[in-house]
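Data block below; observations after.
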Amino acid sequence: MTDLPYRYEVTATAAALNESHAELGDGDETGLFVTVAGRLMLRRGQGKLVFGDLQDRTGRIQLFASAKVCPDFHEFAALNLGDWLGVTGEIIKTKRGELSIRVTAWDVLARWGGTFPDKWHGLTDTDARYRQRYIDLWVNDGSRQAFVDRSRMVSATRRWLEERDFLEVETPILHPIPGGALARPFETHHNALDTEMFLRIAPELYLKRLTVGGFDKVYEIGRVFRNEGMSTRHNPEFTMLELYWAYADYHDGMELTEQLIAHLAEQITGSTTITYDGREVDLSTPWERRTMTDLISEHVQLDLSIEMDRDELAKIAEDVGVQVKGYYGPGKLILEIYEKTVEAHLWGPVFVTDYPKEVSPLSRVHRDKPGFTERFEAIVAGRELCNGFSELIDPVEQLARFEAQAADRDAGDAEAMPIDRDYVRALEHGLPPTFGLGIGIDRLVMLLTDTQTIRDVVLFPTLRPEQE
RNA sequence: GCGCCUCUAGCUCAAUUGGCAGAGCAUCGGACUCUUAAUCCGCAGGUUCUGGGUUCAAGUCCCAGGGGGCGUACCA
């Protein structure tokens with residue numbers, strides 16, 4: 001171990017070499033010497049000749065080592081698959097037409113402990129892939145590519161928002177009051193303050209405080225935490241983009257949303273028409289806009305109104321299979337009916353608009369439709385992708401909404417929002433008309449990389465800790 | 001939470017109705033100067049997830065526990 005180098009001067013990557021020497025003829029030599037580094041993925045002994053495949057961040061390049069020119073040839077031939085090498089040599093193309101580096105100097109940079117996964121089948125055991133992601137990333141190209149795409153997508157998102165003068169900020173992750181979404185939080189404790197804290201379930205309420213403070217175009221891309229079940233679409237910690245745009249309403253917000261997502265699809269996949277789970281999704285703008293009640297009417301021929309008798313709505317809800325709880329009011333019942341009868345049939349992209357006020361405690365009431373709010377969710381590839389609304393700006397009404405939530409909480413809704421008086425105080429200082437948006441970044445990556453499980457777009461998904 | 005499925009060598013997988021636990025790759029030893037999943041010869045490699053039970057005999061059947069996957073519920 002002591003002879004392993006502390007640094008290494010790398011001058012080329014596999015992809016760059018393959019690109020720049022694509023025209024080289026079989027058996028040609030270039031006289032050009034380069035140094036590459038990566039892991040040895042394959043090795044083929046041929047007596048006094050050894051071929052190896054070296055993989056770096058960009059791809060693979062063949063190593064050509066002959067006993068004549070390769071120093072310590074026997075040691076080179078005895079390298080293990082997975083060993084991390086630095087290699088210097090001349091760029092050549094073999095007689096059989098494979099671009100190669102003829103090794104004239106080499107160093108082991110690190111050893112692979114243990115034996116390497118099967119060179120053909122790789123590593124398929126999901127548990128091992130997630131717990132030892134560093135192996136998965138080497139062995140499974142698709143896995144590595146998904147994370148590269150994820151990074152490119154987040155980066156493209158930042159650029160796009162920056163071009164539109166949105167300011168990126170960071171707000172607290174430790175919250176004294178968990179708010180901004182309907183979800184159960186993780187709880188923790190601050191010793192010095194001797195106070196209960198919660199990992200944030202959304203940055204929303206802090207970002208709107210910043211809008212009050214004059215940041216009229218602001219966003220955050222950050223981790224949020226929800227103490228709920230796990231599935232192919234849910235990880236307890238996940239990444240959200242939230243943005244707030246003053247002077248805009250939810251109509252502006254839908255335009256922004258569809259343009260952003262169409263742009264990202266273009267950037268990542270090269271097209272606004274993508275394939276998800278074997279089915280086509282056309283993300284080109286504009287997307288369809290449909291109100292929730294219209295969709296219910298279309299799918300199950302039920303004309304529902306928020307003024308309908310609560311018990312009547314409850315009966316309809318039960319008829320379509322909703323388990324109605326006592327604290328469900330008309331708005332919650334309409335949402336439940338929508339989710340039961342419509343949502344699974346939507347493929348999208350479509351903006352489902354005008355959510356009931358009762359289930360939207362932070363949304364501004366619809367300017368023309370009492371009982372509803374100016375809120376939308378985008379359904380893309382049959383899944384909820386984001387949530388946006390004209391923000392509720394009235395402190396008095398906000399307090400009333402919080403109190404209604406508190407009543408639900410008392411009635412047994414563990415996910416109802418607690419009252420946040422400090423947030424109400426901020427609203428008292430003036431939130432201008434504002435549009436707000438939340439996008440689940442992980443799900444957007446899944447969509448654009450045609451990935452069926454969130455664990456394949458989260459580098460280290462939450463798993464049960466290993467025993468002992 | 002609940003339901004179903006699954007766990008065998010480092011990796012990928014076999015093992016007929018319950019009847020000596022195997023192969024390929026990797027590792028180790030050997031042959032080979034144009035291979036590319038190289039090939040060929042050889043050695044070694046196991047608490048069949050754990051603990052009980054049934055049986056002359058359990059990888060296989062039963063019970064309990066653990067890990068993982070999928071579905072469902074809550075949610076993005």
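Throughout, a chain's letter reflects where its sequence line sits, starting with A, and its residues are numbered from 1. What you are looking at is a predicted structure, and each value in this text was computed from that prediction instead of being measured.
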Distance in angstrom units between A:Asp456 CG and B:G69 C1', rounded: 12 Å

Spacing between A:Leu42 atom CG and B:U39 atom P, to the nearest angstrom: 11 Å

Pair A:Lys208-A:Tyr423, side-chain donor/acceptor within less than 3.5 Å: yes

Plane angle bin for A:Phe435 and A:Trp245 - parallel if under 30°, tilted between 30 and 60°, otherwise perpendicular: perpendicular

Name the nucleic acid region contacted by [X], choosing base, sugar-phosphate or nothing; use a 4.0 angstrom heavy-atom cut-off, strictly under.
| X | value |
| --- | --- |
| A:Glu377 | nothing |
| A:Gly82 | nothing |
| A:Gln46 | base |
| A:Thr126 | sugar-phosphate |
| A:Lys95 | base |

A:Phe460 and A:Tyr130 aromatic centres sub-6.0 Å: no

If you compare every side-chain N and O of [X] against the phosphate oxygens of [N] (OP1, OP2), does one of them come in below 4.0 Å?
| X | N | value |
| --- | --- | --- |
| A:Lys48 | B:A31 | no |
| A:Arg43 | B:A37 | no |
| A:Asn80 | B:G10 | no |
| A:Thr232 | B:G71 | yes |
| A:Arg131 | B:G68 | yes |

